2 protein chains.
Amino acid sequence: MAKERDDTIASRISRVLADRIIRGELAPDARLRQDHIAEEFGTSHVPVREAFRRLEAQGLAINLPRRGVRVASFDLKEVREVAEMRAALEGLALKHAAPHLTSAILDEAEQATRDGDAAADVYAWEEANRRFHRLILAPCGMARLLAAIDDLHAASARFLFSAWQSGWEKRTDHDHRAILAALRQGKAEEAAAILQKHVQWIGRAPVRTPSGSTREAFAIVG
Amino acid sequence: MAKERDDTIASRISRVLADRIIRGELAPDARLRQDHIAEEFGTSHVPVREAFRRLEAQGLAINLPRRGVRVASFDLKEVREVAEMRAALEGLALKHAAPHLTSAILDEAEQATRDGDAAADVYAWEEANRRFHRLILAPCGMARLLAAIDDLHAASARFLFSAWQSGWEKRTDHDHRAILAALRQGKAEEAAAILQKHVQWIGRAPVRTPSGSTREAFAIVG
DNA sequence: GACTGAAAAATTATCTATAATTTGAAAAGG
DNA sequence: CCTTTTCAAATTATAGATAATTTTTCAGTC
């Protein structure tokens, strides 16, 4: 039986909570009450507190000592910030990954692009998009860089799900195809340049506010 | 009385341990035993475990479930990785900070450069160097970006202290002065380009190994 | 003498209990 | 009626206790 011993309760809790925050099930500024969560997971609050420290480090929650932990809020400024950080770091990663890319990997990445184009909802699209980026970047073999990029993708996904609560429309991702074409021709610098533009593309979507009116929401769509 | 209520025991412990790891008082792979540390700080091990999660996120420690926490080890590859990440992120930060830089800030940064040149040991140099970088980058106002850069500076400092255990020699930092000159002339792109080269400069130093022989160590010197 | 394996010691992960602080609601006053 | 004060309930932060696991020790064997 696959004993899940590489997994502490704390890490499991932090993964589940991160997922809820990203999907918007836990709204910005919502309080995370440690013994409520402990009760839900059937544990004491000690591992819950450890999970909180992890979420804090990922930028998904903020801790106000003695006043509790809240889901981090965000604004357009932070969306832009994450987009620019992704551009800088993914560009770097791609330059290092390019020499190690095989046509098998590029084929997989093309499949991820097709999956994204065919995605019926925003969740499926995000999964395929993230898969594409990971496939072409992972061969850089830079663990710290990839971990930083993963955290930025989590933030990106949160912005995206917050903006596109509903009404996802299919579209063909020309950027991904241009990146793959450049990589197949060995033009790493060109591919990196397209990627950097690509991840800075910020889309707009109308969102219904709790009060019933609509406002515009912004998210990274690459 | 300055009540230190914004400070949990966990955050204090994580700061002290981070400092020890950075200064090399805790060697790579050294075990961090939770109740030994708890006893030292006169606390229970609960806040110690929370501090561990923070150190993990900063890349200063690694956790092997049920087997304890160890000081993260590192190699030349990671030194290069951190240098490249710093180049990418500090370049980005400087482009955004440039429009907000005042001559007062640049004067302070010049003082930091002089302090670095005059530093008698590697610890004083590192402090002045970090101060220089923070001064010219902080006005970008991008909290997440600055936090990421801070963590990279912590890693850089660790590499540096590990390589230059002794034998620091004073030198004049021409890069810092060139960056300031470019910024004073409003040439932000040029300043960013120099900065990006600057932080990728990896120095070499002979280090005595525990066995008595010498090997070369590498560190970021910018 | 090196290797194996069982028992002991140390250590981690978690739970239960307690003290301290904050939040929220009800009562008192302007 | 709104503001302030007071007090109870909820919540956080930490301590102390316990179970489970790993590491170390040390004797026995090849």
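All chains are named by letter (A, B, ...) in the order of the sequence lines, taking the proteins before the strands, and each is independently numbered beginning at 1. Here the structure is a predicted model, which means the values were calculated and not measured.
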Would you call E25(B) and R158(B) a salt bridge, taking side-chain N to carboxylate O under 4.0 Å as the test? no
Roughly, in whole Å, what's the span from CG in N63(A) to C1' in dA13(D)? 10 Å
Considering residues, nucleotides and ligands other than E39(B), do more than 12 of their heavy atoms fall under 6.0 Å from its CD? no
Got a salt bridge between D150(A) and R130(A), using NZ or NE/NH1/NH2 to carboxylate O under 4.0 Å? no
Rounding to a whole Å, what distance do you find between R67(B):CZ and dA10(C):C1'? 15 Å
What's the CZ-P distance between F41(A) and dA13(C), to the nearest Å? 19 Å
Classify R31(B) by what it touches in the nucleic acid, base, sugar-phosphate, or nothing, heavy-atom distance under 4.0 Å. sugar-phosphate
Of the options dA13(D), dT11(D), dT16(C), whose atoms approach the side-chain atoms of S44(A) most closely? dT16(C)
Can you tell me if R33(A) touches the phosphate of dT11(D), counting only side-chain N or O atoms and a distance under 4.0 Å to OP1 or OP2? yes
Want to settle it: does H36(B) or A10(A) sit nearer the 5' end of DNA chain C, counting the closest nucleotide to each? H36(B)
Q34(B) has an atom CD; how far is it from atom P of dA17(D), in whole Å? 16 Å
Over how many whole Å does the gap from E50(A) atom CD to dT12(C) atom P extend? 12 Å
Is there a side-chain contact between R49(A) and the phosphate of dA13(D), meaning an N or O under 4.0 Å from OP1 or OP2? yes
Let me know the distance between CD1 of I37(A) and C1' of dA10(D), rounded to the nearest Å. 15 Å
Could you give the CG-to-P distance, from D35(A) to dA13(D), as a whole number of Å? 11 Å
Testing dT14(D), dC15(C), dT22(D) for proximity to the side chain of P47(A), the answer is dC15(C)
Nearest whole angstrom, please: distance from the P of dG16(D) to the NE2 of H45(B). 11 Å
I want to check a possible cation-pi pair here: R12(A) against F41(A), using under 6.0 Å from ring centre and within 45° of the ring axis as the test. no
